*Asks:* 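Mind looking over this structure? Questions follow.
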Amino acid sequence: MKREIKVSTYLSPVPAVMVSCGDMAKSDIVTIAWTGTVNSEPPMVSISVRRSRYSYGLIKESGEFVVNLADRALLEKLDGCGVVSGRDADKFERFALTRQASLHVKAPSVAESPVSLECVVRHTLELETHVMFVAEIVGATAREDWVKDGRLRIPDGELVAYVQNRYLETGATLGTYGYTAKKA
């Protein structure tokens with residue numbers, strides 16, 4: 001039996017990612033858990049950022065950002081980038097991360113991230129507490145060991161997810177898309 005609970009942002013788990021923005025000279029990294037895929041053709045994602053965040057101004061000004069997926073090895077740096085302001089510190093330096101020039105946008109990617117998605121903002125939605133940037137993925141790079149036959153193959157248990165103020169590792173594959181239809 002279910003019981004009623006307070007309405008809140010319970011959609012979980014969600015990816016915990018490091019969003020880099022700005023350019024190679026003036027950049028920031030913000031930890032974002034409010035992100036998701038929103039379109040297939042062209043491939044698009046959304047991120048929601050508070051107006052008070054330093055990175056918000058960089059994204060609004062440039063219209064670009066990079067979504068860097070976080071694996072277990074990046075967990076402490078992922079968390080740190082969410083609690084330290086870019087106004088107070090260069091997060092690339094503070095957390096010993098490497099700015100890597102992106103191929104299609106001016107915003108740098110995080111070299112240590114296993115997958116980086118280069119994005120150009122196509123729509124902006126002003127919400128009460130956040131601004132949602134809907135962006136087209138115009139480029140993507142991945143670590144060599146995560147690519148098989150030219151396609152991204154994320155290993156089980158490697159990515160970090162966010163659930164109610166907790167970081168969790170993703171688990172084992174339970175099935176693949178359409179596996180129930182194959183049983184019939």
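Basis for what follows: all heavy atoms, side chains included, without hydrogens, waters or symmetry-related copies. Everything quoted here is computed from the prediction, not taken from an experiment.
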*Asks:* For the atom pair OG (S55) and CE (M18), what is the distance rounded to the nearest 0.5 Å?
*Replies:* 12.0 Å
*Asks:* I'd like to know if L78 and V84 are part of one continuous hydrophobic network [Ile/Leu/Val/Met/Phe/Trp/Tyr, side-chain heavy atoms within less than 4.5 Å].
*Replies:* yes
*Asks:* Out of curiosity, L97 CG to K91 NZ, how far, rounded to the nearest 0.5 Å?
*Replies:* 10.5 Å
*Asks:* According to salt bridge (Lys or Arg N to Asp or Glu O under 4.0 Å), who are the partners of E61, at least two apart in sequence or on a separate chain?
*Replies:* none
*Asks:* Using 4.0 Å as the upper bound for N to carboxylate O, is an ion pair formed by D149 and R151?
*Replies:* no
*Asks:* How about C119 and V67: do any of their side-chain heavy atoms sit closer than 4.5 Å?
*Replies:* yes
*Asks:* What distance do F133 atom CZ and I59 atom CD1 have between them, rounded to the nearest 0.5 Å?
*Replies:* 5.5 Å
*Asks:* Side chain of K77, backbone of F95: donor and acceptor closer than 3.5 Å?
*Replies:* yes
*Asks:* Under 3.5 Å, side chain of S102 to main-chain N/O of A107, donor-acceptor pair present?
*Replies:* yes
*Asks:* Which value, rounded to the nearest 0.5 Å, describes the distance between T173 atom OG1 and D156 atom CG?
*Replies:* 3.0 Å
*Asks:* With distance as the sole test, does S46 use its side chain to make a donor-acceptor pair with the main-chain N or O of T35 at under 3.5 Å?
*Replies:* no
*Asks:* List in chain and number order the residues that pass salt bridge (Lys or Arg N to Asp or Glu O under 4.0 Å) with E144, two or more places apart in sequence or in another chain; answer none if no residue qualifies.
*Replies:* none
*Asks:* L125 vs V131, test: side chain to side chain contact (heavy atoms under 4.5 Å, CB included). Steps then yes/no.
*Replies:* CA-CA 6 Å; L125 180 58; V131 173; over 6 Å; no
*Asks:* Could you name each residue pair satisfying side-chain hydrogen bond (donor to acceptor under 3.5 Å, both in side chains) that touches residues 105-119, not counting sequence neighbours?
*Replies:* N68-S116, T98-E112
*Asks:* With the 4.5 Å side-chain cut-off for hydrophobic clustering, are V83 and V110 part of the same group?
*Replies:* yes
*Asks:* Please identify each residue that fulfils ring pair (Phe, Tyr, Trp, His ring centres under 6.0 Å) with Y162, with sequence neighbours left out.
*Replies:* Y167
*Asks:* For the CG atom on L11, are there more than 12 heavy atoms of other groups (residues, nucleotides or ligands in this structure) within a distance under 6.0 Å?
*Replies:* no
*Asks:* Roughly how far apart are L75 CG and E169 CD, rounded to 0.5 Å?
*Replies:* 10.0 Å
*Asks:* Identify, with sequence neighbours excluded, every residue that meets salt bridge (Lys or Arg N to Asp or Glu O under 4.0 Å) alongside E136.
*Replies:* R122
*Asks:* So which of V66, V147, L103, L152 actually passes side-chain contact (heavy atoms from CB on, under 4.5 Å) with T141?
*Replies:* L103
*Asks:* How long is the gap from CG on L58 to CZ on R53, to the nearest 0.5 Å?
*Replies:* 13.5 Å
*Asks:* With the side chain counted from C-beta on, respond yes when R50 and Y56 share a heavy-atom pair under 4.5 Å apart, and no when they do not.
*Replies:* no
*Asks:* Any idea which heavy atoms bring K60 and E126 closest together, and the distance?
*Replies:* NZ-OE2, 4.2 Å
*Asks:* If the condition is salt bridge (Lys or Arg N to Asp or Glu O under 4.0 Å), which residues does R99 pass it with, not counting sequence neighbours?
*Replies:* D90
*Asks:* Does any part of the side chain of V30, heavy atoms only, come nearer than 4.5 Å to the side chain of I32, both counted from C-beta?
*Replies:* yes
*Asks:* Determine whether V115 and L117 satisfy the following criterion, side chain to side chain contact (heavy atoms under 4.5 Å, CB included), listing intermediate values before the conclusion.
*Replies:* CA-CA 7 Å; V115 179; L117 308 175; 4.0 Å; yes
*Asks:* D71 side chain to L74 main-chain N or O, any donor-acceptor pair under 3.5 Å?
*Replies:* yes
*Asks:* For the pair R94 and D88, evaluate salt bridge (charged side-chain N to carboxylate O under 4.0 Å, His left out) and give the outcome as yes or no after the intermediate values.
*Replies:* CA-CA 10 Å; R94 171 107 181 238; D88 303 326; over 6 Å; no
*Asks:* Less than 4.5 Å apart, any side-chain heavy atom of P42 and any of N39?
*Replies:* yes
*Asks:* For residues V121 and M44: do they belong to one hydrophobic cluster (side chain heavy atoms under 4.5 Å, members Ile, Leu, Val, Met, Phe, Trp, Tyr)?
*Replies:* no
*Asks:* Give the cluster check for V160 versus I29: same hydrophobic cluster or not, with ILVMFWY residues linked at side-chain heavy-atom distances below 4.5 Å.
*Replies:* yes
*Asks:* Same hydrophobic cluster for V17 and F65, using side-chain heavy-atom links shorter than 4.5 Å among ILVMFWY?
*Replies:* yes
*Asks:* Taking all atoms of both residues into account, what is the closest heavy-atom pair of R87 and S52, and its distance?
*Replies:* NH2-O, 2.8 Å
*Asks:* Any non-hydrogen side-chain atom of S48 less than 4.5 Å from a side-chain atom of M132?
*Replies:* yes
